[in-house]
Each structure stands twice: as structure tokens, then as C-alpha cells.
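Residues take their numbers from the sequence shown, with the count starting at 1. Just so you know, ligand 1 is whichever comes first in the structure, and atom 1 is the first atom listed for that ligand. Everything numeric in this text was worked out from a predicted model, so none of it was measured.
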Amino acid sequence: MRRFIEQDVNRALTPTGGFLRGFSFSLNPYIGCAFGAAGGCPFCYVRALPVARTADGPWGSWVIAKRNLPARLEHELIALERCGRLARTTIFMSSATDPYQGLERRMRLSRAALALMAAHRPHRLLLQTRSPMVERDLDLLLALGPNVIVSITLETDDEQVRRRLAPTSPSVARRATTARRLRAAGVFVQLAIAPMMPNCAHRFAELAASCADRVIIDTYLDGDGSGGKRSRALGIPQLYARLGYDGWFEAGAERDLVEAMKSRLGGERVLLSRAGFNAL
Ligand code: SF4
């Protein structure tokens with residue numbers, strides 16, 4: 001049984017560093033992850049980070065909504081605007097949890113944040129999600145215009161792999177449809193292939209060409225913030241061996257996909273790991 005908790009916070013925007021150091025701030029309307037229920041994504045290293053101990057119970061069993069986030073955000077955006085920094089400000093939403101999980105239907109905190117940023121525009125908002133619910137906010141994404149990039153997480157093009165490794169997440173086809181719809185409406189869309197899972201390189205490149213302006217390819221070894229140690233501690237190599245995905249955890253496993261994507265999309269539309277995520 002999942003617990004939903006409402007809390008007040010002192011700040012909406014958090015200064016970034018580390019993997020996202022190219023951004024000024026991260027913005028997380030929620031803490032916790034509904035996609036992490038019942039085991040969720042076996043590759044999820046967030047469950048081992050301090051943020052996973054914000055509430056009692058395993059990662060995925062609770063979600064906290066930052067009830068007063070819109071009021072705090074408005075105050076902070078206006079302050080940035082007044083001191084002339086807003087036009088240089090870059091925001092990553094969200095870094096630790098998905099801004100469009102089920103609770104958003106009722107709380108509408110992500111929608112409220114988008115409305116505020118449409119009124120007080122940062123230089124760039126990168127909105128990352130795996131949920132088709134983002135389509136609900138197309139009106140606000142269009143209002144943000146060139147100031148927003150929507151990043152749809154899509155770890156593989158293989159639905160069987162998705163079912164095994166990200167069983168609580170939306171299907172490959174549904175996420176691609178969301179990307180296609182947003183892009184067709186005029187939103188700049190990237191696919192975040194992160195972490196890259198077993199895939200068919202040429203088929204994946206065709207899929208990306210049909211629905212995204214650019215792709216970012218990231219691996220467990222480059223992207224888990226520990227050179228693969230966190231993923232090893234979670235038993236990913238053993239899980240891959242059990243599933244017959246030998247070799248996909250190793251260094252260089254992304255090479256075929258990178259080549260196929262470059263050849264189909266052009267090199268400038270294919271970005272890698274940390275440098276890619278920080279390309280604004
Ligand atoms: S969606 Fe992200 S945060 Fe949630 S369980 Fe999966 S990997 Fe972890």
C-alpha cells in the first residue's frame with residue numbers, strides 16, 4: 001500500500017552540482033517515486049541515496065507532495081527576475097523523481113510550476129519524465145516556447161526488455177507516442193536513453209528519428225554517479241546474466257547504438273552522458 005504525504009518546504013529551487021552541474025537549479029515537486037512500487041526499476045540507484053530515507057518504508061511505498069511549492073517557486077522566480085539572473089537561469093525538473101507520477105493528477109504541482117515558469121521564464125527548463133501525463137500540459141509547454149526542452153526517458157526500444165527491467169513504467173510505444181505528439185505540436189523533444197538497456201540499434205534509431213529532435217545516450221557505467229559501483233551493488237550484472245543480456249553492462253556496450261543513431265540522425269543530434277544532459 002502506497003502512502004501519500006503532503007509537506008511544506010522552505011525552498012523550491014535547489015542549486016545543482018555533480019552530474020547536473022551545467023544547470024543552475026533542480027526542481028522536484030515530489031519526493032519518492034510511484035514507479036518504484038513493488039520492486040519498480042531494478043536498476044534504480046536512487047533507492048540507495050539519502051533521499052530514499054526521507055520517509056519510513058522502502059522506496060516506492062510512499063510519495064511526498066511539496067504542498068506549498070508553487071508559492072515558494074513564485075517567490076524565488078520573482079527574486080531571480082528582480083536581480084537580473086532569471087534570463088541566465090537553467091532548471092532541471094526533476095532530478096530525483098518523476099514530475100508526472102499519479103499524485104500529480106490531484107496535486108497539479110508540476111502544472112503549477114510550469115505556469116509560473118511560463119510567466120517568469122528561465123533561460124532553459126529541461127522537463128524530464130517517462131509519463132504520458134506530460135501531454136496534459138501541452139498548452140504551458142507551448143507558452144514556454146524555445147525556453148523548454150522535454151526529455152522523455154526511454155531506456156530501450158524493446159518492449160520485452162522494458163517489461164523485464166522497467167515493469168511499472170509506461171510502454172515503449174506509449175512513450176514514443178508522447179514524444180511524437182509533443183514534437184508534432186512544436187515542442188523540442190529529446191529522448192533520454194538512460195540508462196541504456198539492451199536494444200536493437202537500427203530499429204531504435206528509426207524510432208528516435210520518428211519522434212525526437214535529439215537523443216542522449218547514457219550507460220550504467222557513465223551515469224550512475226559512481227563509475228558503475230552503485231549498479232554493481234544493486235546486482236545489475238548478475239540480473240543481466242540471468243536474463244541472457246551478457247555484455248550489455250560492459251564498457252562500450254553503447255557503441256553500436258551511438259553509431260546507428262549518428263548515422264540516422266546526424267552526429268549533432270546525438271549526445272552522450274553528462275555532457276549531453278548539460279547541453280542546453
Ligand atoms: S522511475 Fe526512476 S526513481 Fe523511480 S524507481 Fe524507476 S529509476 Fe527509480
Side-chain angles (χ1 to χ4, degrees), residues 1-5 14 16 18-20 26-55 57-66 92-105 107 109-110 126-134 150-156 158-159 161-172 174-176 178-179 190-199 216-226 228-236 239-240 243 248-249 273-274 277:
M1 168 102 116
R2 198 172 304 132
R3 279 184 304 135
F4 297 124
I5 304 161
T14 306
T16 57
F19 195 83
L20 294 175
S26 63
L27 175 59
N28 288 277
Y30 301 95
I31 309 173
C33 181
F35 295 116
C41 312
F43 59 89
C44 177
Y45 62 81
V46 181
R47 71 183 73 228
L49 299 180
V51 68
R53 296 190 285 280
T54 310
W59 186 247
S61 69
W62 48 267
V63 179
I64 298 171
K66 298 180 181 176
F92 192 101
M93 175 178 162
S94 298
S95 55
T97 62
D98 200 300
Y100 289 101
Q101 38 191 313
L103 194 51
E104 169 63 12
R105 273 193 205 95
M107 298 299 293
L109 295 174
S110 296
L126 194 139
L127 179 61
Q128 176 147 301
T129 182
R130 62 186 63 224
S131 171
M133 203 195 304
V134 65
V150 174
S151 180
I152 304 286
T153 308
L154 189 63
E155 308 91 338
T156 177
D158 186 322
E159 184 57 14
V161 172
R162 198 281 305 164
R163 269 195 233 115
R164 285 172 162 174
L165 296 176
T168 55
S169 297
S171 69
V172 171
R174 187 66 189 87
R175 284 188 259 176
T178 294
Q190 75 179 25
L191 291 185
I193 303 170
M196 184 201 73
M197 293 175 181
N199 61 77
I216 294 176
I217 300 170
D218 198 14
T219 64
Y220 295 104
L221 301 183
D222 292 328
D224 77 354
S226 66
K229 276 195 203 117
R230 282 180 180 141
S231 302
R232 281 194 194 91
L234 288 167
I236 301 300
L239 175 66
Y240 270 33
L243 294 172
W248 282 99
F249 186 81
S273 195
R274 183 200 303 237
F277 275 106

Check: R175 side chain, T153 main-chain N or O, donor-acceptor pair, under 3.5 Å:
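It does hold such a pair.
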
Would a distance-only check, ignoring hydrogens and angles, find a side-chain to backbone donor-acceptor pair under 3.5 Å from S110 to P99?
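Answer holds: yes.
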
With a 4.5 Å limit on heavy-atom distance, are the side chains of F249 and T219 in contact?
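A side-chain contact under 4.5 Å is absent here.
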
Near C44, which atoms of ligand 1 are under 4.0 Å from a heavy atom of that residue?
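So the answer, numbered in order with elements, is 3 (S), 5 (S), 7 (S), 8 (Fe).
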
Which atoms of ligand 1 have any heavy atom of F35 under 4.0 Å away?
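Those atoms are 1 (S).
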
Are F43 and ligand 1 in contact, using a heavy-atom cut-off of under 4.0 Å?
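Right, F43 reaches ligand 1.
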
Using heavy-atom distances only, which candidate in A166, S94, C41, A96 approaches atom 6 (Fe) of ligand 1 most closely?
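Checking each option, the heavy atom nearest atom 6 (Fe) of ligand 1 is found in C41.
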
Decide, counting backbone as well as side-chain atoms, whether C33 has an N, O or S atom less than 2.8 Å from atom 4 (Fe) of ligand 1.
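Given the 2.8 Å cut-off, C33 counts as a ligand of atom 4 (Fe) of ligand 1.
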
So, applying side chain to side chain donor-acceptor pair (under 3.5 Å) with S169, which one of E155, R163, R162, R130 is it?
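So, applying the side chain to side chain donor-acceptor pair (under 3.5 Å) to S169 and each of E155, R163, R162, R130, only R130 qualifies.
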
Tell me if the CZ atom of R174 is crowded by more than 12 foreign heavy atoms within 6.0 Å.
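Counting neighbours around CZ of R174, more than 12 heavy atoms of other residues, nucleotides or ligands fall under 6.0 Å, so yes.
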
